[in-house]
Amino acid sequence: MLDIALLRRDPERVRESARRRGQDSAFVDRVLELDETRRRALTALEALKAEKNALTASIARAADRGAAARELRPQIAALDARIEEAASAPPVIDAQIAAILGDVPNVLDPSVPPGAGSDDNVVLRSWGEPRAFDFVPKPHWELGETLGIIDFERAAKLSGSRFSILKGAGVRLQRAIAGFFLDRAAHNGYTELGVPYLVSRTTMWSTGQLSKFADAMFSDPSVEMFMIPTAEVPLTAYHKDEILTAALLPLQYCSHTACFRKEAGAAGKDTRGLIRQHQFEKVELVWLTPAERSLDDLDRLTAHAEGLLQELGLPYRTMLLCSADVGFNSAKTFDLEVWLPSDGGGYREISSCSSCTDFQARRSNIRFRRDAKAKPEFVHTLNGSGLAVGRTLLAVLENYQRADGGIDLPAALVPFAGFDVIAADGSAVRS
RNA sequence: GGAGAGGUGGCAGAGUGGUCGAAUGCACUCGCUUGGAAAGCGAGCAUACCGCAAGGUAUCGGGAGUUCGAAUCUCCCCCUCUCCGCCA
């Protein structure tokens, strides 16, 4: 949520950000108008309340309270009527402002390049050479089915489309990937949390997933619980309603969770394979940090995610998302796209690293004090995948496939997997 | 699911109808003291909103009510804890 003070102080900055996102900026004037009305109504109401409080206090001070109360009752009753009338407006206006502001995306960082869509994202850097194959590389779903380590058919039988069942070496490899990510996260200073996969409506709202994205999430309305679309939600909201001390910052958390998404808007896209599933695993990295460190720490977080791809020897490129492609919560986002050799080759998103500035912290009410006497300030929240586990699995399968259909594991995964080859018959082999 | 207890400032914990935004302790900040430190002493120390300011308004889990007046009384809801039941 934006600070309404920012709209008062610098409305043009908010308008410009909205325009750069390709969105209507008319809400700025609407909110400012409501705000003006609200303040006038509030001042009037508070004056009446002050008047009443003064009368009440005089009763408390009177020698004979009963007599004083009887004497002042008509005056107070008259004030009560005016107060009741004056009190009706502010909450209504507050709700109107909150409803508008709650659906306004974060203000973009100045360094975000202009653009109209994902084609305008900027390639910042590339790492690694895509491997030259002396055979036609297969897509991972073919590899997985041939090896007998991914079973889409039976998953569809159990749950429908966009589900998969990993088996044997496949699920062991997935577990190794997650273990590798968590191990590196620990080395990079992240504290691992085992978090709930179901969270309340309030929590979802406080990290910006609601109310705009309710359609994208699985939920149980009977208990008002939502299945997390990413561990960003519980990790970011972990310190909800807390006032932290500056010495604690920056805080770094990571978690390996399943994630659940309806993918309602992606009908017909990526219908084959592991790319787009209703349920997938991810290791998420989250920072809480002071404003002045926000962008530097975003670079650190991104470097941590990139380091994983480098250790795995997976070629990737780092994209700076353009103004139209930056998500609702984010002020600035880097996407990491991993090289997939199948289908002629191409880059696919495997991590998205964002600074949400104080946008989520304001919704979550997460603050800190610079020193004992300082006023609490909102922290900045950063998040990024480190990395998407399912997509890493398919990237490993495709990039490390052999002509015979077997897979050579990248060296970094071997200690976590306990094997270094998936043989052509699907068996895990330690050579 | 049943029964009970409880939710007060950064923390602990008083407060059961008025002068209570809230005792006290801890933590923290500043000062005195000291060669320095500890102890001791003194002062300060919740949040949000409105206002140039003085100041005002609201907030004791959330909401509604009683009352001239509610942290305190009533009702509803939420959460936590304990015991019982059930269960991976």
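When reading the values below, keep in mind they use all heavy atoms of this one structure, side chains included, and skip hydrogens, waters and symmetry mates. Letters A, B, ... are given to chains in the order of the sequence lines, protein chains preceding strands, and every chain is numbered from 1. What you see is a predicted model, and the numbers here were worked out from it, not measured in a lab.
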How does RNA chain B look in dot-bracket form if you count Watson-Crick and G-U pairs under 3.5 Å, write [ ] for pairs that cross, and put | where a base pairs with another strand?
-> ((((((((.[[[..)..(.....]]].(((((.......))))).(((((....))))).[[[[[..)....]]]]])))))))....
Distance between C1' atoms of C75(B) and C81(B) (Å, rounded) = 24 Å
Are any of the side-chain heavy atoms of Phe260(A) and Phe226(A) separated by less than 4.5 Å?
-> no
Rounded distance in Å - CG (Asp35(A)) to P (C50(B)) | 7 Å
Whole-angstrom distance between G51(B) and G36(B), as gauged at atom C1' | 48 Å
Is Asp24(A) salt-bridged to Arg19(A), cutoff N-O under 4.0 Å?
-> no
With heavy atoms under 4.0 Å as the rule, sort Ile59(A) into base, sugar-phosphate or nothing.
-> base
In whole angstrom, give me the gap between the P atoms of C76(B) and G2(B).
-> 15 Å
Do Glu145(A) and Lys138(A) meet the salt-bridge criterion of a basic N to acidic O distance under 4.0 Å?
-> no
Earlier contact from the 5' end, RNA chain B, for Ala60(A) and Ala50(A) | Ala60(A)
Please determine if Asp297(A) and Arg300(A) form a salt bridge, counting it only when a charged side-chain N lies under 4.0 Å from a carboxylate O.
-> yes
Looking at C68(B), A46(B), C50(B), which one has an atom nearest to any side-chain atom of Arg369(A)?
-> A46(B)
Nearest-Å distance, CG (Asp241(A)) to P (G10(B))?
-> 12 Å
Separation of C49(B) P from Leu42(A) CG (nearest whole Å) | 12 Å
Arg65(A) near the nucleic acid: base, sugar-phosphate alone, or nothing, with a heavy-atom cut-off under 4.0 Å?
-> base
Nearest heavy-atom approach of Phe359(A) to Asn106(A) is CB-ND2, 3.3 Å
Only residue of Tyr253(A), Phe368(A), Phe378(A), Trp287(A) satisfying ring-ring contact (aromatic ring centres under 6.0 Å, His included) with His239(A) is Tyr253(A)
Arg370(A) with Glu377(A): basic N within carboxylate O range, under 4.0 Å = yes
Between G17(B) atom P and Arg61(A) atom CZ, what is the distance in whole Å?
-> 21 Å
Please state whether the base of U29(B) and the side chain of Arg370(A) form at least one donor-acceptor pair under 3.5 Å?
-> no
Is the closest basic N to carboxylate O distance between Lys157(A) and Glu153(A) below 4.0 Å?
-> no
Can you tell me, in whole Å, how much space there is between the C1' of U8(B) and that of G21(B)?
-> 11 Å
When you compare C86(B) with C78(B), how far apart are their C1' atoms, in angstrom units rounded to a whole number?
-> 24 Å
Looking at side-chain heavy atoms only, is the closest gap between Leu409(A) and Tyr400(A) below 4.5 Å?
-> no
If you round to the nearest 0.5 Å, how far is CZ of Arg272(A) from CG of Asp270(A)?
-> 12.0 Å
Whole-Å C1' distance, A5(B) and G9(B) | 23 Å
Under a 4.0 Å heavy-atom criterion, the protein footprint on nucleotides 58-67 of chain B, written with B, S and -, is S---------
What integer distance in Å separates Asp64(A):CG from C68(B):P?
-> 15 Å
Minimum-distance nucleotide (side-chain atoms of Pro376(A) versus C49(B), C68(B), U47(B)) = U47(B)
Answer yes or no: does a side-chain N or O of Arg39(A) lie under 4.0 Å from OP1 or OP2 of C49(B)?
-> no
C1' spacing across the pair C20(B) / C60(B), given as an integer number of angstrom | 10 Å
Could you check whether Arg38(A) gets within reach of a base, just the sugar-phosphate, or nothing at all, counting any heavy atom under 4.0 Å?
-> sugar-phosphate
Should the pair Lys52(A)-Asp80(A) be classified as a salt bridge under the 4.0 Å nitrogen-to-oxygen rule?
-> yes
For the side chain of Arg367(A), counting heavy atoms from C-beta on, which of G10(B), A48(B), C68(B) is nearest?
-> A48(B)
Length of the CG-P vector between Leu55(A) and C68(B), whole Å | 13 Å
Contacts under 3.5 angstrom, residues 421-431 of chain A side chains, donor-acceptor by atom type, not counting sequence neighbours:
from: Asp425(A); atom 1: OD1; to: Ser427(A); atom 2: N; distance (Å): 2.9
from: Asp425(A); atom 1: OD1; to: Ser427(A); atom 2: OG; distance (Å): 2.6
from: Arg430(A); atom 1: NH1; to: Gly418(A); atom 2: O; distance (Å): 3.4
from: Ser431(A); atom 1: OG; to: Asp420(A); atom 2: OD1; distance (Å): 3.2
from: Ser431(A); atom 1: OG; to: Asp420(A); atom 2: OD2; distance (Å): 2.7

Take atom P in A53(B) and the same atom in A48(B), then report the distance between them in whole Å.
-> 16 Å
If you look at every strand shown and take non-hydrogen atoms under 4.0 Å, does Arg8(A) touch a base, only sugar-phosphate, or nothing?
-> sugar-phosphate
Nearest to the side chain of Thr43(A) - C50(B), U57(B), G18(B)?
-> C50(B)
Atom CG of Asp80(A) and atom C1' of G69(B) are separated, to the nearest Å, by 11 Å
Between C1' of C79(B) and CE of Met225(A), the distance in whole Å = 13 Å
Hey, which of these two, Asp3(A) or Ile243(A), hits RNA chain B nearer its 5' end, going by closest nucleotide?
-> Ile243(A)
